[in-house]
A.B. asks: 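Take a look at this one; I'll ask things after.
It should be emphasised that the depicted structure is a prediction, and the values quoted were computed from it without experimental measurement.
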Amino acid sequence: MDLWGWWNDQDSCYWKLLDPQPADSVTWEGHYPNGAIWDVLCLPIVPGSSAGGWAWRASPPPGYGGTSVTPAQLAQQAISQMVLTGPQIRLSIPADKFATVGVPVWLWTDVTPTTWGPNTATASVPGLSVTATAQARQIVWDTGDGQSETCRNPGTAYYAGGVTSPTCQHVYQRSSADQPGLAYPIRATTTWDVTWTGGGTSGSLTLTRVSTGQIRVGEVQVLVTTS
């Protein structure tokens, strides 16, 4: 921010040359008229500690006036601001109920900027600004029974009376009775595609984020009687 001065990523401080320069002799520490007085703000600001103030320097900070942080580094800062996550795991079976062997279990996530996208954030230092955009591409659902489902969409929320999901589901072939806690573990991995641009350049990268859950699966017992 221009208000704070020039950002030096080597010491994580903003440096701003005071104009006009102060006239008191204490601030100059006996160096007047050599060098200059700078207003310094260092990050992060920790409560109860000194985050900077006025300081004398014989010469400007190394690299003063330019930018030593790269666009790719700023892109990483922008991506961290998005707080991208794995899916918000949603199933057609309530947590206190058992799914049934042979009956489709619907799989989906709430669609938010952090769980599916799109998500955009910008990171800046004086003289340089980078904007990153993230969009989820797919979710791989490891269903805990040795199988997995790859869904290139967030899935469809279950509705009363629904049987087969139009987008993302899994059919369990055996119960979870022999599993720890009587439940199959679920591991859902979202793949995010991220692009960024700024400083006359651009780039792209792929990220993954994981969420976990569980599901209990039972079998319908059929009692056959003869008369």
Side-chain angles (χ1 to χ4, degrees), residues 1-88 109-136 189-212:
M1 297 177 63
D2 293 340
L3 176 65
W4 293 350
W6 172 77
W7 170 255
N8 182 2
D9 68 313
Q10 296 182 26
D11 58 11
S12 298
C13 296
Y14 286 95
W15 291 82
K16 186 173 185 179
L17 184 65
L18 290 181
D19 184 18
Q21 289 281 286
D24 65 279
S25 59
V26 175
T27 305
W28 286 88
E29 301 175 356
H31 298 290
Y32 185 84
N34 300 313
I37 304 300
W38 299 77
D39 189 9
V40 186
L41 176 64
C42 299
L43 301 178
I45 299 175
V46 179
S49 66
S50 174
W54 286 6
W56 175 85
R57 281 191 63 94
S59 60
Y64 177 71
T67 176
S68 54
V69 64
T70 67
Q73 290 171 330
L74 269 188
Q76 290 294 334
Q77 293 183 29
I79 293 169
S80 67
Q81 294 173 22
M82 297 180 190
V83 195
L84 303 179
T85 70
Q88 181 65 48
T109 179
D110 293 344
V111 176
T112 71
T114 59
T115 60
W116 186 258
N119 196 326
T120 300
T122 299
S124 302
V125 296
L128 178 61
S129 180
V130 171
T131 297
T133 300
Q135 176 62 66
T189 304
T190 301
T191 299
W192 290 88
D193 292 325
V194 182
T195 58
W196 59 265
T197 181
T201 186
S202 61
S204 62
L205 64 156
T206 301
L207 303 174
T208 58
R209 296 291 187 268
V210 177
S211 298
T212 59

A.B. asks: Where do Leu128 and Pro71 come nearest, in terms of heavy atoms and distance?
C.D. replies: CD2-N, 4.1 Å
A.B. asks: Nearest 0.5 Å, what's the CH2-CD1 distance between Trp56 and Ile37?
C.D. replies: 8.5 Å
A.B. asks: Measure the spacing between CG of Leu41 and OH of Tyr14 and express it to the nearest 0.5 Å.
C.D. replies: 8.0 Å
A.B. asks: What distance separates Gln135 CD from Trp192 CH2, expressed to the nearest 0.5 Å?
C.D. replies: 7.0 Å
A.B. asks: With sequence neighbours left out, write down each residue that passes side-chain contact (heavy atoms from CB on, under 4.5 Å) with Ala55, or none if nothing qualifies.
C.D. replies: Val40
A.B. asks: Do Ser204 and Trp196 have side chains that approach each other closer than 4.5 Å (heavy atoms only, starting at C-beta)?
C.D. replies: no
A.B. asks: Could you note down all residue pairs passing salt bridge (Lys or Arg N to Asp or Glu O under 4.0 Å) where residues 189-208 supplies at least one of them, sequence neighbours left out?
C.D. replies: Arg137-Asp193
A.B. asks: Run the side chain to side chain donor-acceptor pair (under 3.5 Å) test against Thr191 and tell me which residues pass, sequence neighbours left out.
C.D. replies: none
A.B. asks: State, with a plain yes or no, whether a side-chain heavy atom of Trp15 is found less than 4.5 Å away from one of Pro60.
C.D. replies: no
A.B. asks: Could you work out, with side chain to side chain donor-acceptor pair (under 3.5 Å) as the rule, every residue matching Trp28, not counting sequence neighbours?
C.D. replies: none
A.B. asks: Locate the shortest heavy-atom distance separating Gly117 from Val111; write the atom from each residue and the value.
C.D. replies: O-CG1, 4.2 Å
A.B. asks: Got a list of side-chain donor-acceptor pairs under 3.5 Å for residues 78-88, not counting sequence neighbours?
C.D. replies:
unit_1 : atom_1 : unit_2 : atom_2 : d
Ser80  : OG     : Gln77  : O      : 2.6
Thr85  : OG1    : Thr114 : O      : 3.1

A.B. asks: How long is the span from the CD atom in Gln76 to the CG atom in Leu74, to the nearest 0.5 Å?
C.D. replies: 10.5 Å
A.B. asks: Applying side-chain contact (heavy atoms from CB on, under 4.5 Å), can you list everything that pairs with Pro113, at least two apart in sequence or on another chain?
C.D. replies: Asn119
A.B. asks: Do Gln21 side-chain atoms and Leu18 backbone N/O form a donor-acceptor pair below 3.5 Å?
C.D. replies: yes
A.B. asks: Taking all non-hydrogen atoms of both residues into account, name the closest pair between Ser129 and Thr122 and its distance.
C.D. replies: OG-CG2, 3.2 Å
A.B. asks: Could I get the full list of side chain to side chain donor-acceptor pair (under 3.5 Å) partners for Thr189, not counting sequence neighbours?
C.D. replies: none
A.B. asks: According to side-chain contact (heavy atoms from CB on, under 4.5 Å), who are the partners of Ser202, at least two apart in sequence or on a separate chain?
C.D. replies: Thr197
A.B. asks: Restricting to side chain to side chain donor-acceptor pair (under 3.5 Å), what partner residues turn up for Ser211, sequence neighbours left out?
C.D. replies: none
A.B. asks: Does anything in residues 111-120 form a salt bridge (Lys or Arg N to Asp or Glu O under 4.0 Å)? List the pairs, not counting sequence neighbours.
C.D. replies: none
A.B. asks: Would you mind reporting whether Thr120 and Thr131 have side-chain heavy atoms less than 4.5 Å apart?
C.D. replies: yes
A.B. asks: Can you tell me how far apart CG (Leu205) and CG (Leu207) are? Round to the nearest 0.5 Å.
C.D. replies: 4.5 Å
